[in-house]
There are 2 protein chains.
Amino acid sequence: MNNVEILIVDDEVQIRKMLTITLQSNDYKVSEASNAKEAIIRAANHPPELILLDLGLPDENGHIVLQKLREWYTKPIIILSAHSSEEDIVKALDNGANDYLVKPFRTGELLARIRSVLRSSTQEDENPILNFGDLSIDLATRIVRKTEEIVKLTTTEYTLFCLLCKNEGKVLTHHYLLKQIWGPSYINESQYLRVFIAQLRKKLEDDPNHPTHIITESGVGYRFI
Amino acid sequence: MNNVEILIVDDEVQIRKMLTITLQSNDYKVSEASNAKEAIIRAANHPPELILLDLGLPDENGHIVLQKLREWYTKPIIILSAHSSEEDIVKALDNGANDYLVKPFRTGELLARIRSVLRSSTQEDENPILNFGDLSIDLATRIVRKTEEIVKLTTTEYTLFCLLCKNEGKVLTHHYLLKQIWGPSYINESQYLRVFIAQLRKKLEDDPNHPTHIITESGVGYRFI
DNA sequence: AAGTTTCTTTACAAAATCTTTATACAAGCC
DNA sequence: GGCTTGTATAAAGATTTTGTAAAGAAACTT
């Protein structure tokens, strides 16, 4: 089982059945909705990885449903529709649909298009290596490199460095960093921070006395570039 | 001009012409390639934001071209092809194409699909940057620039500058500024203000003696333009 | 249990920032 | 002009914030 959940929204029970069987036999988890109201409730309660949306629903215009979903739902939506007019297609795509298939569609093509949109929506966490000049951090393996050399960081050092990397360019306040790393009751222990910032600089900066990556913003916090 | 560059890969000159005109009139920047070799070279030398790829190229099978591109090119690729067989479509999508349009296609639909794939590939997190001529202030990252150069401001300087920027054009009284920055009990310490205004001018004005941004309204306060 | 690593705490040095003082300039007014 | 009022700037303290080393405590390893 893939554990990728797809929500099928269609009023015709035969089509839902067909899609369910097709998708399940391709290792997708399936949930169903037969009208607009149900679709929105289901999507909100248990957001799927992808929505297959029929535009011809009984209780509401499909374009409206799409708009409502897109107010908050950011994952892929593929439209399945009997209408093949350019107007409908353009409108749906501009309302945030990721693809538009005209019924009757070919099963293999649908599956390929599902794979395609899922691929592009999940490719971000596929390669979680952040690069900053001569420094790089691999979020998955927790490996930090400086000019290809692996740098060994302790847990606390790594957590701190991670925070800085993930917020490149932004100033992170002492307050925020202390809260994130040591917990809310440590927000006044700025000394901890100083010690670990010094440690990181010693390990990561070319010249710890003139840091180019870990910049201190006096009176505010630190910034990573 | 959008400044979004699209590479058109097609061997038929009429189609390239037509696409070029269509895309350019929709504010895209266009480059062209008429065969596989040229396409790969162009894409490598000057990577576009999107590639429109015809599968029927004279010098190489389109699927192979797609595979070669996908070895390193991560931005969207839309296939334009005369072949409408499911086999071709599935193969292309599984090789990393983001969409597949069968020729002849409808122009409006192509543009909508281009918008769609570009939308999902460029999920920008726009942060509010205020611009004032050669000066800019990024409230999120707390970065102030003067003609692209980062200017380092201390906490007090930054707070003061922020206040001025947020009230561009308005006169802020000494009273008000002192109260906002130092607190209600400092409303008579106008000297503080003068010192910090001078500091800001020294850092931000081209000629601190003849300020063009931070204007003094004698007897009242200061105004930022 | 000894040794190693990592974290916490202390102490002091260094740097940055803020406050205060001193002085100069400009404009308006008698 | 001489006086007052409001403003500008430099520079000397004063204060706050930050950096660094190093010792002791705690947590892990073997």
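So that the names make sense, note that chain A is the first sequence line, chain B the second, and so on, each numbered from 1.
Within 4.0 Å of A/Thr155, counting heavy atoms only, lie sugar-phosphate atoms of the nucleic acid but no base atom.
In terms of phosphate contacts, A/Asn209 brings a side-chain nitrogen or oxygen within less than 4.0 Å of OP1 or OP2 of D/dT20. Considering only side-chain N and O atoms, A/Lys152 lies nowhere under 4.0 angstrom from the phosphate OP1 or OP2 of C/dT5. The phosphate of C/dT19 (OP1 or OP2) has a side-chain N or O of B/Trp182 nearer than 4.0 angstrom. Contact annotation: B/Arg194 reaches the phosphate of D/dT7 (side-chain N/O to OP1 or OP2, under 4.0 Å). Proximity of B/Thr154 to the phosphate of C/dC18: a side-chain N or O atom is located under 4.0 Å from OP1 or OP2. A close approach under 4.0 Å does occur between a side-chain nitrogen or oxygen of A/Tyr222 and OP1 or OP2 of D/dG19. Applying the 4.0 Å criterion to OP1 and OP2 of C/dC7, one finds that A/Thr156 has a side-chain N or O inside that range. In this structure, A/His174 reaches the D/dT18 phosphate: one of its side-chain N or O atoms is under 4.0 Å from OP1 or OP2.
Rounded to an integer number of Å, the gap from OH of B/Tyr192 to C1' of D/dA14 is 11 Å. The distance from atom CD of B/Glu217 to atom P of C/dA27 is 15 Å, rounded to the nearest whole Å. Spacing between atom CD of B/Gln199 and atom P of D/dA10 amounts to 9 Å, rounded to whole angstrom units. In this structure, A/Glu157 atom CD and C/dC7 atom P are separated by 6 Å, rounded to whole Å. Remark: P of D/dT18 and CG of A/Leu193 are 9 Å apart, rounded to the nearest angstrom. Put simply, NZ on B/Lys203 is 15 Å from P on D/dT9, counting in whole angstrom units. When the C1' atom of D/dA8 is taken as reference, atom CD1 of B/Ile215 falls 15 Å away, rounded to whole Å. Between A/Ile197 atom CD1 and C/dT8 atom C1' there is a gap of 17 Å when expressed in whole angstrom units.
Checking side-chain atoms of A/Glu205 against main-chain N and O of A/His213 turns up a donor-acceptor pair under 3.5 Å.
Interatomic distance, CZ of A/Arg119 versus CD1 of A/Ile114, reported as 12.5 Å (0.5 Å rounding).
Considering only the side chain of B/Ser218, D/dG6 comes nearest among D/dG6, C/dC7, C/dT19. Among the nucleotides D/dG19, D/dT9, D/dA8, the one closest to any side-chain atom of A/Arg201 is D/dG19.
Atom NZ of B/Lys68 has 12 or fewer neighbouring heavy atoms from other residues, nucleotides or ligands inside a 6.0 Å radius. Heavy-atom contacts from other residues, nucleotides or ligands closer than 6.0 Å to CZ of A/Phe132 number more than 12.
One donor-acceptor pair, N or O on each side, does fall under 3.5 Å between the base of C/dT10 and the side chain of A/Gln191.
Residues B/Lys146 and B/Asp206 are paired through a salt bridge, judged by an N-O separation under 4.0 Å between the basic side chain and the carboxylate.
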